[in-house]
Q: 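Sharing a structure here in structure tokens format.
Values in this document were obtained by computation on a predicted structure and should not be read as measured data. First the proteins, then the strands, lettered A, B, ... as listed; each starts at 1. In what follows, every heavy atom counts, from backbone to side chain, and hydrogens, waters and symmetry copies are set aside.
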There are 2 protein chains.
Amino acid sequence: MTRVTIQQVAAAAGVSPSTVSNLLNGRTNRMVPATKERIERAIAELGYRPNRAARQLRTGRTQTVGLIVPSVGNPFWGAFARELEVAALAVGCNVLLCNSERDPDRERRYVEELWEDGVRGIVLCSSLPTLDHLADIVRRGLRLVTFDRPAQAGDPEEVVSVSINNHVGGFLATSHLTELGHERLTFVSGSLAAVNRTGRFRGFCTALEGADLDPAAMPTWTAGGGAPFGDVEAAQVGRQAAHDLFSGTVEPPTGIVAINDMTALGFCRGLRDQGLHVGKDVSVVGFDDIILAELYDPPLTSVRQPISRMASLSLEEALKEDDREPGRSVLLRPELVVRDSTASPTGATAPVVTDEDGVLQ
Amino acid sequence: MTRVTIQQVAAAAGVSPSTVSNLLNGRTNRMVPATKERIERAIAELGYRPNRAARQLRTGRTQTVGLIVPSVGNPFWGAFARELEVAALAVGCNVLLCNSERDPDRERRYVEELWEDGVRGIVLCSSLPTLDHLADIVRRGLRLVTFDRPAQAGDPEEVVSVSINNHVGGFLATSHLTELGHERLTFVSGSLAAVNRTGRFRGFCTALEGADLDPAAMPTWTAGGGAPFGDVEAAQVGRQAAHDLFSGTVEPPTGIVAINDMTALGFCRGLRDQGLHVGKDVSVVGFDDIILAELYDPPLTSVRQPISRMASLSLEEALKEDDREPGRSVLLRPELVVRDSTASPTGATAPVVTDEDGVLQ
DNA sequence: CGATGCCGGTGTAACGATGCACTAAACTAG
DNA sequence: CTAGTTTAGTGCATCGTTACACCGGCATCG
């Protein structure tokens with residue numbers, strides 16, 4: 001019931017608390033092996049566990065990293081959070097999870113709070129175009145890693161970013177469709193001025209141009225500026241898009257590139273609302289390759305993010321103490337996973353199916 | 001950069017640190033309004049924020065609750081985590097999230113760690129049949145709330161539980177199918193000896209009996225005892241089940257009740273693998289009503305858990321200080337959401353069948 | 001041989017907030 | 001007017017750990 005303190009251990013081992021502390025902090029070179037062993041035995045026998053609060057009070061440090069995601073209700077972020085925790089556990093860290101709901105105020109509040117709580121670093125999944133609202137905290141020494149948001153021109157240079165190459169991702173998704181013969185494509189995303197969105201859209205345009213198609217001639221769609229859709233509501237965006245694009249007078253597209261899988265799935269749902277069939281009437285490519293992409297009917301073609309690798313990298317950067325390499329930006333290459341939601345616009349050809357396990361542990 | 005301390009505030013307000021502390025802890029009756037105001041102004045001007053570590057070291061308490069879920073990679077748990085955070089935020093609490101991956105060791109380690117870190121309470125999402133591995137910690141004063149796991153006979157009496165009435169849920173799902181005219185039903189779940197599973201299965205049986213059907217005569221399926229499927233792999237379970245049930249020599253069921261939506265979706269995927277159509281050839285009912293149930297094609301009929309309400313309740317119980325009402329068990333009523341994955345068994349006759357005799361119960 | 005350096009380890013003052021025990025002043029009652 | 005009580009606020013020890021400064025003893029060296 002009463003917690004064991006370092007003094008009790010010291011007493012039991014016949015040394016001073018300082019020596020126990022030295023052992024605990026890896027300064028074993030300052031003691032003879034026999035002493036080390038005595039202390040270790042005492043620790044084991046008494047079941048001693050250092051008191052974190054005391055430790056933190058003294059050092060100002062924690063073994064915790066903060067993770068701020070738009071919403072763990074979104075399977076992509078849930079999966080990422082899980083991977084980050086796995087990585088953290090492996091190096092004895094804790095993850096403190098926060099949902100920003102893409103609210104800049106909330107995001108800032110969380111960053112401040114985490115910083116005040118002395119986290120070692122923060123992995124921030126934000127797509128805000130600027131980090132101005134965090135600049136001062138970063139300057140004061142916060143170790144910040146942005147995920148899924150490549151470094152931008154105006155960012156504080158101390159910030160490190162980890163993300164996929166969105167341009168390539170958008171390109172892969174789009175050229176897959178053009179290669180299948182599609183000539184009328186639409187890029188579907190929420191109205192959020194998200195950074196990853198512009199990259200993906202640029203890739204979309206590049207691929208179109210490569211296929212001698214004019215991006216400007218494509219039917220376009222963006223969420224109405226009004227409601228700033230959250231991450232869980234991403235599906236709503238897609239559904240709305242399908243309704244708008246296929247119920248108007250304008251000739252609808254035959255292929256869709258969605259900003260993420262939730263939006264893509266929502267879009268598929270919207271098509272169904274109107275009796276249209278994904279992979280036959282319309283081809284849809286998603287982004288992220290969440291676990292549900294493969295389960296969907298039809299299984300969704302998607303651009304996969306190497307989530308596990310990205311989680312380790314993010315953690316690593318968030319924990320780095322000194323050898324700061326400011327402005328470092330890690331861009332990983334995404335991979336297109338072709339499934340059944342895409343086909344030639346004739347609807348006749350059956351595409352290749354790549355079935356891979358998406359999960360690890 | 002240097003953090004503001006309570007002393008600096010005290011100096012600025014011309015009082016002693018004790019008085020500031022008194023204000024901070026709501027003991028405002030011990031000071032004259034003018035003083036209170038002066039202190040408040042000083043706090044605002046200096047931007048003072050109490051140091052949590054120091055506070056915790058002194059008091060032994062936190063404003064944190066622990067949440068242990070099988071895996072936030074699973075959308076159901078992701079959604080729940082999000083709701084709990086919303087509830088916590090409203091009362092100024094933090095949530096420390098941990099993924100147990102349904103590993104009892106990991107679960108125990110997390111509980112211990114959280115307890116040592118002084119969390120105010122823990123919301124544990126475990127379906128383990130016994131809580132013996134946590135009994136001693138609970139006796140030592142841990143405020144433990146189990147979610148999605150109704151109280152069991154051998155549980156420590158201090159434990160409070162919040163969950164839906166699984167028996168009712170299983171009953172609703174199943175009687176929906178029998179009312180549609182289905183007479184051959186199978187209950188699909190992983191092999192985990194999860195508590196919610198038995199409740200749901202009992203509801204399944206009750207409903208069958210109510211429709212004059214014999215549970216024992218139903219084609220059964222349970223995951224092979226070997227691999228203990230995790231939560232993210234729940235979909236695999238369903239897919240496997242579909243393969244087994246519809247590729248053998250035994251006459252397959254026309255209706256399925258799955259232990260949760262992920263399994264249900266996996267099952268649908270498995271049906272598709274064999275060219276069968278959900279809602280036509282086979283009816284499928286899921287459990288949880290995750291956001292993707294509605295997006296699926298066809299939209300999935302599912303038993304909805306009132307997740308938001310359950311989150312507030314869980315938090316409330318986890319934070320309660322004194323007025324313990326031991327062994328309290330809150331059972332909420334689930335609700336059936338009928339969508340397109342269920343219909344009358346008019347469909348064509350099913351293929352031939354094999355037998356994978358897993359045993360239910 | 002005295003000085004120097006190193007090894008193995010200890011003493012102690014914090015880190016920042018809390019809350020009990022205490023008190024000076026003001027007020028109340030008899 | 002004195003004793004008792006309330007009001008408004010203070011002093012100080014303390015939570016458990018850390019890290020810097022220090023120290024005695026022994027080996028080495030010029």
Q: Measure from the side-chain heavy atoms of Ile6(A) and tell me the nearest of dT10(C), dT18(C), dT17(D).
A: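 Closest nucleotide among those given: dT17(D).
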Q: Think Arg27(B) has a side-chain N or O under 4.0 angstrom from the OP1 or OP2 of dG19(C)?
A: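 Result: yes.
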Q: Within the structure, does a side-chain N or O atom of Ser16(A) lie under 4.0 Å from either OP1 or OP2 of dG11(C)?
A: no
Q: Relative to the 5' end of DNA chain D, which residue comes earlier, Ala54(B) or Arg30(A), by the nucleotide with the nearest heavy atom?
A: Ala54(B)
Q: Let me know the distance between CG of Leu23(A) and P of dT10(C), rounded to the nearest Å.
A: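 In whole Å, dT10(C) P and Leu23(A) CG are 13 Å from each other.
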Q: Any salt bridge linking Glu112(A) with Arg108(A)? Criterion: basic side-chain nitrogen under 4.0 Å from a carboxylate oxygen.
A: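 Yes, this pair counts.
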Q: If the plane angle is over 60° it's perpendicular, under 30° parallel, otherwise tilted; pick one for Trp77(B) and Phe147(B).
A: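 Plane angle over 60°, so perpendicular.
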Q: Between dT18(C) and Arg55(B), is there an OP1 or OP2 to side-chain N/O distance shorter than 4.0 Å?
A: yes
Q: Look at the side-chain N and O atoms of Asn22(B) and state whether any lies under 4.0 Å from the OP1 or OP2 oxygen of dG9(D).
A: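 For Asn22(B), the contact criterion (side-chain N or O under 4.0 Å from OP1 or OP2 of dG9(D)) is not met.
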Q: Can you find an N or O donor on one side and an acceptor on the other, under 3.5 Å apart, linking the side chain of Ser18(A) with the base of dA19(D)?
A: yes
Q: Ignoring the backbone of Arg58(B), work out which of dA14(C), dG8(C), dA17(C) is nearest its side chain.
A: dA17(C)
Q: Between Tyr48(B) and Gly14(A), who's closer to the 5' end of DNA chain C by nearest nucleotide?
A: Gly14(A)
Q: Asn25(A) side chain: which of dG9(C), dT18(C), dA19(D) is closest?
A: dA19(D)
Q: Salt-bridge test for Glu85(B) and Arg82(B): reply yes if a basic N is under 4.0 Å from a carboxylate O, no otherwise.
A: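 Salt bridge flag = no for Arg82(B) with Glu85(B).
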Q: For Gln7(A), report the nucleic acid contact type (base, sugar-phosphate, nothing); a contact means any heavy atom under 4.0 Å.
A: base
Q: Name the nucleic acid region contacted by Val15(A), choosing base, sugar-phosphate or nothing; use a 4.0 angstrom heavy-atom cut-off, strictly under.
A: sugar-phosphate
Q: Nearest-nucleotide wise, let me know which of Ser21(A) and Lys36(B) is further upstream toward the 5' end of DNA chain D.
A: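 Nearest-nucleotide comparison on DNA chain D picks Lys36(B).
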Q: Would you kindly give the CD1-to-P distance between Ile39(B) and dA17(C), to the nearest whole Å?
A: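 Distance, rounded to whole Å: 14 Å.
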Q: Taking Glu317(A) first and then Arg143(A), would you say they form a salt bridge - that is, a charged N and a carboxylate O separated by under 4.0 Å?
A: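 Judged by the 4.0 Å cut-off on N to carboxylate O distance, Glu317(A) and Arg143(A) do form a salt bridge.
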Q: Taking atom CZ of Arg27(A) as the centre, does the number of heavy atoms from other residues, nucleotides or ligands within less than 6.0 Å exceed 12?
A: yes
Q: May I ask you to verify if any side-chain N or O of Thr35(B) is less than 4.0 angstrom from the OP1 or OP2 atom of dG9(D)?
A: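 It does, given that an N or O in the side chain of Thr35(B) lies less than 4.0 Å from OP1 or OP2 of dG9(D).
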